[in-house]
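First the structure, in the form of structure tokens, and then the observations on it.
Note that these values count all heavy atoms, side chains included, but never hydrogens, waters or copies made by symmetry. For ligands, and for the atoms within them, numbers begin at 1 and follow the listed sequence.
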Amino acid sequence: MRNHSHCPHAWRNPQHRGRMWAASPAFRRRLFLLRSLSPCAAALPNNTSSSSSSPSTFIRLNAMAASDPVYEADAEAVVRRITPPLDRARHKGQAGKIAVIGGCREYTGAPYFAAISALKVGADLSHVFCTRDAATVIKSYSPELIVHPILEESYSVSDGERESVSSRILTEVAKWMERFDCIVVGPGLGRDSFLLDCVSNIMRHARQANIPTVVDGDGLFLITNNLSLVEGNSLAILTPNVYEYKRLVQKVLNCEVNEENASEQLTALCQKIGGITIMQKGKADIISDGKTVTQVSTFGSPRRCGGQGDILSGRFVANVVLSVSFCIFASWARHFLLTNEYPTDKSVNPMMLGCIAGSLLLRKAASHAFEKNKRSTITTDIIEFLGKSLEDICPAGH
Ligand SMILES: NC(=O)C1=CN([C@@H]2O[C@H](COP(=O)(O)OP(=O)(O)OC[C@H]3O[C@@H](n4cnc5c(N)ncnc54)[C@H](O)[C@@H]3O)[C@@H](O)[C@H]2O)[C@@H](O)CC1
Ligand SMILES: Nc1ncnc2c1ncn2[C@@H]1O[C@H](COP(=O)(O)OP(=O)(O)OP(=O)(O)O)[C@@H](O)[C@H]1O
Ligand SMILES: [Mg+2]
């Protein structure tokens, strides 16, 4: 029998064209959006424990009056909804391919934490694009990561070389970009001006390719000084800590952080930047896309060791990735392929669901790690419990 998948004209056959498209990251990204938005998704046979939940039961949509409380998200239901079942028919990469853009002379831990946490919750492949100095160190932490030593800092590039080096870096990353389901920009990136210029080009490229982009750490330093990099990008998520948030508020809203009206201010910030989702990390993680606001305040750990935010950005990525890959062969997806119809229920932003799930899993893992290690808890201990915190909510089965 003829093997159509190897035939150069296979795409002419609608059945095979569908199969080829189904294997592509672009398709999986689209599926993620569909799955998170579609009311039909709740009727899918997988993840039956969440099958009766509609989006509005995950996040109660409050009117943004200053006195309104911020509603707690039903974060466990969100995790159940977006975590794909383990399917024996799938091949490597279908549970997601992600990339971290970060890692320089000073910081090698942050990109490692972000990249490994994505693998630990189920992504298949995790790449790191970092400077040459950082690459060998990051590789030595884990053989699981695919490390690209391609970024350069000013000290290693002469003025005359800058343009050609910058374009070589973009070409290198662009070769890979279409394969990624999501990228995270910033953990351990550093603040070298030449390096940040190159990363700005990478962000613009990712945006053109419709790749969901999480911005954390020094990526937030970059965008705070260059808001056009994220303005109007509905696939961008910012995950600022208390200081990063303060700088963002000062720059964008031209005022100080107002803890009394935290949700209102966060909403205003999202609206002013336009289109994006922000998770303000702190005692509670408050999440908004400018239309709705919710929070996750499940108790985590009293330890504030560096690196927890990096896990969160990596975990968020993984959750997006997991969602993207979900039920590629499910009937509603085939229906989408055949009819090319988008769902009309757009009440819940899938970016917000990813933030909610990431926040809960980190907090649960931090809680387990603290129970075991008390004051000596460090980020590596928390990563060790990522699997358990997901397993407790979504058992992998056999
Ligand atoms: N092991 C690692 O490699 C780690 C690397 N990290 C990376 O380190 C880089 C810098 O991140 P940081 O979170 O340290 O950011 P900052 O360099 O902005 O902050 C450093 C510290 O300065 C203080 N600070 C900053 N702004 C302040 C303000 N307005 N008022 C008072 N105190 C202030 C805070 O104690 C803060 O933790 C990022 O790329 C990040 O990803 C961190 O994630 C920690 C772990
Ligand atoms: N005061 C707090 N009480 C409880 N949990 C907190 C508190 N502050 C932060 N967290 C938790 O720690 C996670 C990481 O937030 P944090 O503010 O440490 O990020 P970060 O400074 O970016 O971390 P990193 O060191 O990785 O850069 C948050 O998602 C939140 O769950
Ligand atoms: Mg951070």
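Counting only non-hydrogen atoms, the option in E244, E106, R191 that gets closest to atom 16 (P) of ligand 1 is R191. When G103, P240, A110 are checked for heavy-atom proximity to atom 5 (C) of ligand 1, A110 turns out nearest. Among Y243, F113, F221, the residue whose heavy atom lies closest to atom 31 (C) of ligand 1 is Y243.
Among all protein heavy atoms, the one lying closest to atom 39 (O) of ligand 1 is D218 OD2, 2.5 Å. Ranking the protein heavy atoms by distance from atom 1 (N) of ligand 1 puts G109 CA, 3.7 Å first. The nearest protein atom to atom 43 (O) of ligand 1, hydrogens excluded, is given as D310 OD2, 2.6 Å; this is a heavy-atom distance. Taking atom 44 (C) of ligand 1 as the reference point, the nearest protein heavy-atom neighbour is G307 N, 3.8 Å.
The side-chain heavy atoms of L238 and I273, taken from C-beta on, include a pair separated by under 4.5 Å. Here the side chains of M351 and D289 are not in contact, with every heavy-atom distance at 4.5 Å or above. Residues T83 and V121 fail the side-chain proximity criterion, which asks for heavy atoms closer than 4.5 Å. Contact annotation: the side chain of T292 never approaches that of T294 to less than 4.5 Å [non-hydrogen atoms, C-beta and beyond].
For residues 357-383, the set of pairs meeting the ring pair (Phe, Tyr, Trp, His ring centres under 6.0 Å) definition, not counting sequence neighbours, comprises H368-F385.
Looking at ligand 1, you'll find an N or O of G188 within less than 3.5 Å of one of its N or O atoms. At least one N or O atom of R247, backbone or side chain, sits closer than 3.5 Å to an N or O atom of ligand 1.
Using a 4.0 Å cut-off between heavy atoms, N241 contacts ligand 1 through its side chain alone, with no backbone atom that close.
Counting atoms of ligand 1 from 1 in the listed order, those under 4.0 Å from a heavy atom of G186 are 39 (O). Residue contact check: L189 has heavy atoms under 4.0 Å from atoms 39 (O) of ligand 1.
Hydrophobic clustering (side-chain heavy atoms under 4.5 Å, transitive across Ile, Leu, Val, Met, Phe, Trp, Tyr) keeps L125 apart from I138. I101 and Y107 are members of different hydrophobic clusters when ILVMFWY side chains are connected at heavy-atom separations under 4.5 Å.
Between D197 and R162, no side-chain nitrogen of the basic residue sits less than 4.0 Å from a carboxylate oxygen of the acidic one, so the salt-bridge criterion is not met. Residues R191 and D218 are paired through a salt bridge, judged by an N-O separation under 4.0 Å between the basic side chain and the carboxylate. Residues E76 and R80 are paired through a salt bridge, judged by an N-O separation under 4.0 Å between the basic side chain and the carboxylate. Comment: K281 engages D216 in a salt bridge, judged by a side-chain N to carboxylate O separation of less than 4.0 angstrom.
Distances from atom 12 (P) of ligand 1 to the protein include no heavy-atom value under 4.0 Å. For atom 41 (O) of ligand 1, the protein comes within 4.0 Å by at least one heavy atom. For atom 27 (C) of ligand 1, the nearest protein heavy atom lies closer than 4.0 Å.
A donor and an acceptor atom, one from each side chain of S297 and E72, are located under 3.5 Å apart.
Each of N241, K281, G282, K283, D285, R304, G306, G307, Q308, G309, D310, L312, L362, R363 has a non-hydrogen atom positioned under 4.0 Å from some atom of ligand 2.
For P187, the closest heavy-atom approach to ligand 1 falls below 4.0 Å.
For E384, the salt bridge (Lys or Arg N to Asp or Glu O under 4.0 Å) partners two or more places apart in sequence, or in a different chain, are K372. Scanning for side chain to side chain donor-acceptor pair (under 3.5 Å) contacts around S228 gives N226, with sequence neighbours left out.
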